[in-house]
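Presented below is the structure to which this report refers.
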Amino acid sequence: NAGVMQNPRHLVRRRGQEARLRCSPMKGHSHVYWYRQLPEEGLKFMVYLQKENIIDESGMPKERFSAEFPKEGPSILRIQQVVRGDSAAYFCASSPGQGRGEQFFGPGTRLTVL
Amino acid sequence: GESVGLHLPTLSVQEGDNSIINCAYSNSASDYFIWYKQESGKGPQFIIDIRSNMDKRQGQRVTVLLNKTVKHLSLQIAATQPGDSAVYFCAENESNTGNQFYFGTGTSLTVIP
């Protein structure tokens with residue numbers, strides 16, 4: 001059973017470009033979470049999605065950031081018009097369903113904005 | 001979310017000694033906690049969890065202690081090994097707010113052979 005997959009592992013963008021980060025949850029998992037980690041800091045919650053629904057986006061910046069988890073395919077975190085402050089590691093986690101419990105993390109995408 | 005922080009940002013221990021990593025949380029409504037281990041260049045890995053109706057939980061070589069009175073939890077690693085070198089995060093969750101977790105800054109553990 002493959003774990004949570006994220007791609008690309010490393011992404012370099014120039015200021016003003018768009019960044020698209022993909023996350024495929026573990027098989028059978030219908031809940032996806034996105035976190036951002038700045039160097040030397042902990043993970044900051046961004047958004048929680050179920051299939052085709054955004055459950056909680058309280059941690060997501062109001063502008064330029066969006067997330068989706070379509071019925072088919074991976075979850076996408078999209079950052080438009082990237083700025084240097086967006087440089088960070090973005091982690092996706094998944095969990096099987098209702099109720100709290102362990103979230104399984106992917107290896108992360110390291111975004112560098114030049 | 002409420003702040004979750006760790007007392008010590010770095011910790012060095014001799015191989016074979018026991019390690020204790022501490023975490024303070026400020027949200028008294030938090031009722032579920034997880035310790036994660038993050039190795040360089042990797043995503044966090046689940047170590048052990050504890051719910052607020054417990055004050056101690058043991059796993060393989062690890063023990064988590066929860067003191068709700070002072071809003072403090074700790075991770076104890078017995079017979080620390082070089083492979084335990086990593087950054088350790090505590091994460092807290094409040095059932096009323098859903099499934100998202102709030103993470104502390106982390107403690108970097110270095111095991112000296």
Side-chain angles (χ1 to χ4, degrees), chain A residues 2-10 21 23-26 29-50 53-60 67 69 88-110 112, chain B residues 1-10 21-27 29-54 57 59 62 64 86-108:
Chain A
V4 177
M5 309 287 284
Q6 288 188 251
N7 67 82
R9 293 293 309 277
H10 300 274
L21 288 64
C23 169
S24 296
M26 286 182 70
H29 286 192
S30 58
H31 295 224
V32 166
Y33 314 81
W34 284 94
Y35 294 85
R36 175 164 63 178
Q37 184 177 34
L38 296 172
E40 306 293 319
E41 293 189 11
L43 286 79
K44 296 289 194 296
F45 167 78
M46 298 181 73
V47 62
Y48 163 36
L49 309 102
Q50 295 178 26
N53 288 308
I54 296 175
I55 306 303
D56 182 348
E57 56 182 349
S58 59
M60 196 121 87
F69 189 16
Y90 292 82
F91 289 95
C92 166
S94 71
S95 65
Q98 280 293 348
R100 297 175 300 169
E102 179 183 353
Q103 295 178 6
F104 295 82
F105 281 83
T109 293
R110 275 142 189 89
T112 301
Chain B
E2 296 286 345
S3 65
V4 181
L6 299 178
H7 290 306
L8 295 174
T10 61
I21 301 172
N22 297 302
C23 178
Y25 63 96
S26 56
N27 182 8
S30 293
D31 52 9
Y32 180 50
F33 305 87
I34 297 180
W35 278 101
Y36 281 94
K37 172 186 179 183
Q38 186 177 26
E39 296 174 278
S40 181
K42 297 184 179 179
Q45 179 184 2
F46 174 93
I47 301 174
I48 192 168
D49 61 356
I50 189 167
R51 299 188 186 274
S52 58
N53 60 351
M54 304 172 68
R57 190 152 190 240
V62 295
V64 55
V87 178
Y88 290 81
F89 295 97
C90 65
E92 54 106 359
N93 171 265
E94 178 189 344
S95 56
N96 291 336
T97 64
N99 287 5
Q100 65 271 31
F101 282 80
Y102 296 95
F103 284 73
T105 305
T107 291
S108 177

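Just so it is clear, the structure is predicted and the values come from calculations on it, not from any experiment. Labels below follow one simple rule: chain letters A, B, ... track the order of the sequence lines, proteins then strands, and each chain is numbered from 1.
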Fill in: Contacting moiety of A/Q37, where chain B heavy atoms sit under 4.5 Å
side chain
Worksheet item: Do the side-chain N and O atoms of B/D49 and B/Y32 include a donor-acceptor pair separated by under 3.5 angstrom?
Response: yes
Worksheet item: Taking only residues two or more places apart in sequence or in another chain, which ones pass ring pair (Phe, Tyr, Trp, His ring centres under 6.0 Å) with A/F91?
Response: none
Worksheet, complete the sentence: The interface call for A/F104 against chain B, heavy-atom contacts under 4.5 Å, is neither
Fill in: Minimum heavy-atom distance A/L43-A/Y35, with the two atoms named
CD2-CB, 3.8 Å
Worksheet item: Quick one: what part of B/Q38 sits under 4.5 Å from any heavy atom of chain A, side chain, backbone, both or neither?
Response: side chain
Discussion item. For A/R110, give me all partners under salt bridge (charged side-chain N to carboxylate O under 4.0 Å, His left out), at least two apart in sequence or on another chain.
Written reply: none
